[in-house]
Amino acid sequence: MANMRQSLSTLFLMRLSRKVEESPESDLCGSIAGMSEGEEGLVKEVEGDSLIITRLRELGVAQGVRVRLLRSGCPTVVQVEQGRFCVRRKDAAAIKIRQ
């Protein structure tokens with residue numbers, strides 16, 4: 001019985017640590033979703049599937065382009081040059097920024 005409890009507690013801790021590693025908050029660092037309102041940065045890369053990458057490129061989001069976060073949250077409002085658009089928070093997290 002004691003071995004079973006120990007095994008269950010070990011399994012629980014393993015799953016808990018895996019969830020911490022996969023935390024969406026860790027994806028926000030270095031992305032538009034992790035910026036403060038009014039903050040600017042240069043696009044380093046756009047991650048994700050080809051559909052979102054293509055759509056963001058059509059909106060002007062490409063490597064080296066300056067972007068500014070106008071409103072955080074969901075939807076996230078981003079300014080690229082003179083244009084503004086809204087994206088979901090998870091798509092904003094896919095846009096990696098260097099400041």
Side-chain angles (χ1 to χ4, degrees):
M1 189 72 165
N3 287 339
M4 185 175 192
R5 282 189 191 140
Q6 186 177 10
S7 296
L8 288 174
S9 64
T10 303
L11 180 63
F12 175 75
L13 290 174
M14 286 173 52
R15 286 189 178 177
L16 183 63
S17 67
R18 190 176 310 139
K19 286 183 181 179
V20 169
E21 291 172 6
E22 297 172 356
S23 170
E25 293 300 319
S26 63
D27 293 341
L28 302 182
C29 295
S31 70
I32 287 182
M35 293 170 55
S36 301
E37 291 183 6
E39 196 173 353
E40 293 184 357
L42 296 175
V43 176
K44 185 167 55 172
E45 67 177 319
V46 180
E47 297 176 343
D49 61 10
S50 61
L51 185 63
I52 189 65
I53 292 172
T54 302
R55 182 65 182 133
L56 289 171
R57 190 178 310 125
E58 290 172 352
L59 292 169
V61 179
Q63 187 175 2
V65 173
R66 181 170 301 281
V67 295
R68 182 176 185 193
L69 179 66
L70 299 178
R71 181 178 175 267
S72 62
C74 193
T76 300
V77 181
V78 180
Q79 179 175 347
V80 177
E81 296 185 9
Q82 300 302 316
R84 295 178 181 184
F85 60 89
C86 297
V87 292
R88 296 176 292 190
R89 187 169 176 84
K90 77 172 201 173
D91 295 334
I95 305 171
K96 303 303 178 187
I97 300 294
R98 74 172 169 258
Q99 301 178 344

Query raised in the report: Is it true that Phe85 and Leu69 fall in one hydrophobic cluster, defined by side-chain heavy atoms closer than 4.5 Å?
Result: yes
**Report entry** Within-4.5 Å side-chain heavy-atom neighbours: Val43 and Val67
**Finding:** yes
Query raised in the report: Do the side chains of Ile53 and Ile95 join up, straight or via other hydrophobic residues, at under 4.5 Å, putting them in one cluster?
Result: yes
Query raised in the report: Should Ile52 and Val65 be regarded as members of a common hydrophobic cluster, given that ILVMFWY residues are connected when their side-chain heavy atoms come within less than 4.5 Å of each other, either directly or indirectly?
Result: yes
**Report entry** Pairwise distance CG(Leu59) to OG1(Thr54) - rounded to 0.5 angstrom
**Finding:** 11.0 Å
Query raised in the report: Which value, rounded to the nearest 0.5 Å, describes the distance between Arg68 atom CZ and Glu37 atom CD?
Result: 10.5 Å
Requested in this report: State plainly whether one hydrophobic cluster holds both Ile32 and Leu70, where clusters connect Ile, Leu, Val, Met, Phe, Trp and Tyr through side-chain heavy atoms under 4.5 angstrom apart.
Outcome: no
Report task. Count the heavy atoms belonging to other residues, nucleotides or ligands that lie under 6.0 Å from CD of Glu58, then report whether that count exceeds 12. Result -> yes
**Report entry** Side-chain (Asp91) to main-chain (Ala94) donor-acceptor, under 3.5 angstrom
**Finding:** no
Query raised in the report: Between Glu40 and Leu42, is there a donor-acceptor pair closer than 3.5 Å when you use the side chain of the first and the backbone of the second?
Result: no
Query raised in the report: If every non-hydrogen atom of Ile97 is compared with every non-hydrogen atom of Gly41, which pair is closest and at what distance?
Result: CG2-CA, 3.6 Å
Requested in this report: Give a yes or no on whether the backbone of Lys96 and the side-chain of Glu45 come within a donor-acceptor separation of less than 3.5 Å.
Outcome: no
Query raised in the report: Side chains of Val78 and Val61: closer than 4.5 Å at any heavy-atom pair?
Result: no
Query - Rounded distance [0.5 Å steps], CZ in Arg89 versus OG in Ser31 - result: 8.0 Å
Query raised in the report: With a cut-off of 6.0 Å (strictly less than), are more than 12 heavy atoms of other residues, nucleotides or ligands near CZ of Arg88?
Result: no
